[in-house]
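Below is one structure, written out as structure tokens, with a few remarks after it.
One is the number of the first residue; the rest follow in order along the sequence. No hydrogens, no waters, no symmetry mates; every other heavy atom, side chains included, goes into these values. All values reported here derive from a predicted model rather than from experimental measurement.
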Amino acid sequence: MDEKIFISPSKYVQGRGVLDKTGEYLKDLGQKALLMADEFVWGIAGNRVADSLKEAGLSVVEITFEGESSEAEIKRIAKKAEDEGAEIIVGIGGGKTLDTAKGVRDRLKGAGCAIVPTTASTDAPTSALSVIYSEDGVFERYSFYSKNPDIILVDSTVIASAPPKFLAAGIADALATWVEARAAFEGRGTTMAGGKATIAGLAIAEKCEQVLFDYGLLAYEANKRGVVSHALEQVIEANTLLSGLGFESGGLALAHAVHNGFTVLDGDIHHLSHGEKVSFGILTQLAWEDRNQFEINRYIQLLSKLGLPVTFKDLHIEEISRDELLKVAQTALQEGESSHNLASVPSADDLVDAMVAADQYSIAYLGR
């Protein structure tokens, strides 16, 4: 497809105390809301959202998200929403909860969708797609929807009180935005929006990278102290809005494909977050592209200072065999993967070599 396409949610709201204004922002979307959050998030944010909706005169149905953005979970919650006659689907929590909420809304044609992230750990909130995993957590596919969420509500005080590792993971996910959008543009690839990148999509992706290098470490330190600083506000927006718009309308490439490849492995790597695995995917893509050492080192430095994986040891796969790495590479390169947005798609052996090179670059730069 040669058409340029840019898509986005209808409204994005970020600031202190936003959770307590949820009812005010959602009252025009419908009168009955289904709220979904995992057991832990109900205590952090779910009850506050429910109270705000009730104060605004909305009816509330509550359901507990069981942990995986799978077809089975989407089907289970969609049935509950349909049986209850819900007009708004509200997802509260992390990326998998939010992806499930979007999948549920897609099954209830005409329903509104509100997304309330409790961490700035992924760029899932704004997009019109979900990453679908098996019930065992193995990546299966992307599921695309006809529209983005209606509204994103981000409470900065909630993000500031979340563990800093979530913000760091979100920074890694967001740092991939420009790296991948640039590669997809150079390869004349198709974006997740279904067309070619727009000037706006690329500009947002590039601005995302600038904000993260300017404010990432300062925001991380503020998060450690639970402080809503200017730097933290900037990074919350970069992780959530800029990265979300930038990846969807700018394009994905190798970094996220490598992440998807890692999901086939067993062991401790399976417990790492999306952003932590994308962190190493960024370095792998830069190594494959043969970017200059200054650019690669710049990424290694920021990612390592944020405590993110930059070596096989960090990923808990220091003893991995080449055959196992080939399985990762083959998954990352399968038909339909974003790796095919590259101007030149590597072979599985070439991709393994790029992963090994990324590992060695980091060891050499950090003197480990």
Just how far is it from atom [atom1] of [X] to atom [atom2] of [Y], taken to the nearest 0.5 Å?
X: S10; Y: D150; atom1: OG; atom2: CG; result: 5.0 Å
X: I63; Y: I77; atom1: CD1; atom2: CD1; result: 5.0 Å
X: I88; Y: L58; atom1: CD1; atom2: CG; result: 5.0 Å
X: L315; Y: S279; atom1: CG; atom2: OG; result: 8.0 Å
X: I5; Y: T198; atom1: CD1; atom2: OG1; result: 10.0 Å
X: I204; Y: K207; atom1: CD1; atom2: NZ; result: 11.5 Å

Stepwise, does the side-chain contact (heavy atoms from CB on, under 4.5 Å) test hold for I363 with F312?
-> CA-CA 10 Å; I363 290 171; F312 288 155; over 6 Å; no
Could you tell me if [Y] and [X] have a donor-acceptor pair between their side chains, going purely by distance under 3.5 Å?
X: T100; Y: S69; result: no
X: E237; Y: Q14; result: no
X: E39; Y: T64; result: no
X: T331; Y: Q334; result: no
X: N148; Y: E248; result: yes
X: Y142; Y: S338; result: no

Looking only at atom types and distance, does a side-chain atom of [X] sit under 3.5 Å from a main-chain N or O of [Y], one as donor and one as acceptor?
X: Q301; Y: R298; result: no
X: S249; Y: I7; result: yes
X: S52; Y: G23; result: yes
X: N223; Y: A219; result: no
X: E180; Y: H256; result: yes
X: T240; Y: I236; result: yes
X: W288; Y: L351; result: no
X: K54; Y: S59; result: no
X: E73; Y: E66; result: yes
X: Q285; Y: A255; result: yes

side-chain contact (heavy atoms from CB on, under 4.5 Å) partner of V41, the single match among V49, I92, V158, N47 = I92
Given D349 and S347, is the side-chain hydrogen bond (donor to acceptor under 3.5 Å, both in side chains) satisfied, shown in steps?
-> CA-CA 5 Å; D349 276 311; S347 68; 5.4 Å; no
For [X] against [Y], the heavy-atom pair lying closest together:
X: S156; Y: E233; result: OG-OE1, 2.8 Å
X: A357; Y: A287; result: CB-CB, 4.3 Å
X: A176; Y: I282; result: N-CD1, 3.6 Å
X: A332; Y: S339; result: O-OG, 2.7 Å
X: A358; Y: F280; result: CB-CZ, 3.9 Å

Worked check of salt bridge (charged side-chain N to carboxylate O under 4.0 Å, His left out) between R291 and E186 = CA-CA 14 Å; R291 298 290 174 178; E186 291 171 351; 3.3 Å; yes
Does the pair E221 and K224 meet the rule for a salt bridge (charged side-chain N to carboxylate O under 4.0 Å, His left out), with working shown?
-> CA-CA 5 Å; E221 291 302 319; K224 286 180 180 178; 3.1 Å; yes
Should [X] and [Y] count as an ion pair when the cut-off is N to O under 4.0 Å?
X: D99; Y: K102; result: yes
X: D353; Y: R322; result: yes
X: K196; Y: D2; result: no
X: K313; Y: D359; result: no
X: E295; Y: R182; result: yes
X: K96; Y: E135; result: no
X: K21; Y: E24; result: no
X: E324; Y: K327; result: no

CA sep, side-chain torsions, deciding dist, call: S243, T177, side-chain hydrogen bond (donor to acceptor under 3.5 Å, both in side chains) | CA-CA 6 Å; S243 183; T177 307; 2.8 Å; yes
Apply side-chain contact (heavy atoms from CB on, under 4.5 Å) to N341 and R188, showing your working.
-> CA-CA 7 Å; N341 276 335; R188 298 184 61 80; over 6 Å; no
Evaluation steps, side-chain contact (heavy atoms from CB on, under 4.5 Å), between L303 and L175 = CA-CA 9 Å; L303 292 168; L175 277 171; 3.8 Å; yes
So do [Y] and [X] actually touch side chain to side chain, heavy atoms under 4.5 Å?
X: V90; Y: M36; value: no
X: R48; Y: D20; value: yes
X: N239; Y: L167; value: yes
X: L153; Y: I151; value: yes

Give every donor-acceptor pair under 3.5 Å between a side-chain atom in residues 261-271 and any protein atom, sequence neighbours left out.
residue	atom	partner	partner atom	Å
T263	OG1	F139	N	3.3
T263	OG1	N260	O	2.7
H270	NE2	D136	O	3.2

Keeping to residues at least two apart or across chains, list the salt bridge (Lys or Arg N to Asp or Glu O under 4.0 Å) pairs with something in residues 107-124.
-> E71-R107, D106-K109
Is the Y365-Y299 ring centre distance short of 6.0 angstrom?
-> no
